[in-house]
2 protein chains.
Amino acid sequence: MVSFTGPIAQLLDELGRLPGIGPKSAQRLAFYLLERPRGEVERLASALVEARERVRRCAICCDWTDQEVCPICQDPRRDPSLICVVEHPKDVRALEKTGQFRGRYHVLHGALSPLDDVGPEDLTLVQLRKRLEEGGVQELIVATDPDMEGEATAFELVRLARPFGIKVTRLARGLPEGADLDYADDSTLRLALEGRREL
Amino acid sequence: MVSFTGPIAQLLDELGRLPGIGPKSAQRLAFYLLERPRGEVERLASALVEARERVRRCAICCDWTDQEVCPICQDPRRDPSLICVVEHPKDVRALEKTGQFRGRYHVLHGALSPLDDVGPEDLTLVQLRKRLEEGGVQELIVATDPDMEGEATAFELVRLARPFGIKVTRLARGLPEGADLDYADDSTLRLALEGRREL
């Protein structure tokens with residue numbers, strides 16, 4: 001059994017670290033890329049570096065953006081009194097696809113998880129509190145995942161919002177238990193938005 | 001619906017071009033990488049460029065290598081009179097895993113496919129002919145995929161070898177019809193090697 005060394009081994013190793021990419025997929029991707037024109041591989045490499053360098057968190061909602069403030073936070077047609085709080089940037093995409101939500105977002109970049117050592121200070125709660133302090137927010141829609149971490153995070157958000165007298169609602173549990181929010185289909189998400197209940 | 005622009009869109013686009021990576025996987029990978037340390041992303045990017053720059057085809061068997069001649073072709077313990085001809089570099093890995101083959105390889109980098117406009121000139125047949133001309137080869141084991149393209153390629157190899165009076169064998173059809181060679185389990189591959197038949 002001859003295994004690879006040098007740059008092929010390196011590439012297989014790096015690809016194999018990506019989530020959902022096992023050794024077989026890493027090999028498939030590596031061998032695919034070795035057959036492609038050099039310019040194409042360089043374009044992928046620089047897209048990776050560029051994105052990592054230029055993309056940052058929106059100064060307001062913490063979603064990914066290459067500007068100081070993301071397009072949704074800049075959009076005057078989006079209702080600033082309604083903030084939908086999600087765990088991850090991908091959840092913003094899933095909710096936007098329903099076309100039903102005209103408020104703004106707040107991206108926590110995670111959920112509370114004592115087992116994984118994720119505490120309140122690891123989420124973007126400081127930025128959220130700042131938005132609440134600035135006033136004008138009437139409702140927080142908690143759209144964290146319907147699992148243990150998401151529930152724990154929801155209660156942390158209730159605690160955060162209480163001093164401001166802001167209504168806190170939670171997406172209806174039309175979502176299947178334990179699932180990833182961004183894998184729900186559009187109409188489940190739409191029903192969940194409509195059936196949100198006060199905490 | 002707000003979709004991405006700038007470097008995020010670019011990255012999603014580049015990742016989405018990879019085989020087996022749909023829009024959802026591309027997003028998952030992109031968002032994962034945005035959360036990783038910059039150095040880690042740069043390491044992946046340079047592994048891609050490095051591999052594409054330094055990896056080339058072995059001067060003898062056309063398998064991927066970062067040297068002039070690959071380790072198998074350099075290995076004096078590997079029987080040079082026995083050449084196993086495969087479509088892709090991944091097939092070499094699959095066969096090596098059986099631990100049953102002590103000859104050498106020849107990687108065609110494809111299979112004949114008139115529909116996909118792949119003719120004999122697109123495969124590494126010139127290099128294979130050169131190896132046969134140099135003498136010492138007693139048997140070609142044809143290990144192309146057990147599908148239409150693989151069969152067509154097998155017959156092209158018979159035609160190529162005939163003037164040299166070299167025995168040409170084909171892996172036994174223990175392999176499931178229409179499957180990819182490198183997804184077969186080790187013992188199926190081992191049986192197929194043992195049961196090879198002359199063409």
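Note that the structure is a prediction, hence the values are computed from the model and not measured. In what follows, chains are A, B, ... by sequence order, proteins preceding strands, each numbered from 1.
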Passing option when B/Thr144 is tested against B/His88, B/Arg170, B/Glu151 for side-chain hydrogen bond (donor to acceptor under 3.5 Å, both in side chains): B/Arg170

Interface moiety of B/Thr65 toward chain A, non-hydrogen atoms closer than 4.5 Å: backbone

When A/Pro19, A/Ala45, A/Ala51 are compared by non-hydrogen pairs under 4.5 Å with chain B, the top option: A/Pro19

Among the listed options A/Lys24, A/Gln10, A/Glu40, the residue most often paired with chain B at heavy-atom distances under 4.5 Å: A/Lys24

Contact origin within B/Arg56 toward chain A - heavy atom pairs under 4.5 Å: neither

Best-contacting candidate, B/Glu50, B/Glu42, B/Glu53, B/Arg36, against chain A by heavy atom pairs under 4.5 angstrom: B/Glu53

Whether A/Phe31 and B/Trp64 hold their rings parallel, tilted or perpendicular, with breakpoints at 30° and 60°: tilted

Toward chain A, the part of B/Leu12 with a non-hydrogen atom under 4.5 Å: neither

Winner by heavy-atom pair count (cut-off under 4.5 Å) against chain B, out of A/Cys70, A/Pro89, A/Gly6: A/Pro89

Residue pair B/Cys61 / B/Arg131, side-chain heavy-atom distance below 4.5 Å: yes

A/Ile21, part contacting chain B, at a heavy-atom distance under 4.5 Å: side chain

Result of checking A/Thr169, A/Leu128, A/Val158, A/Leu82 against A/Leu140 for side chain to side chain contact (heavy atoms under 4.5 Å, CB included): A/Leu128

Sidechain-backbone polar pair: B/Arg28 side chain, A/Lys90 backbone, donor-acceptor under 3.5 Å: no

Verify same cluster id: A/Ile8, A/Leu29 (apolar side-chain graph, 4.5 Å): no

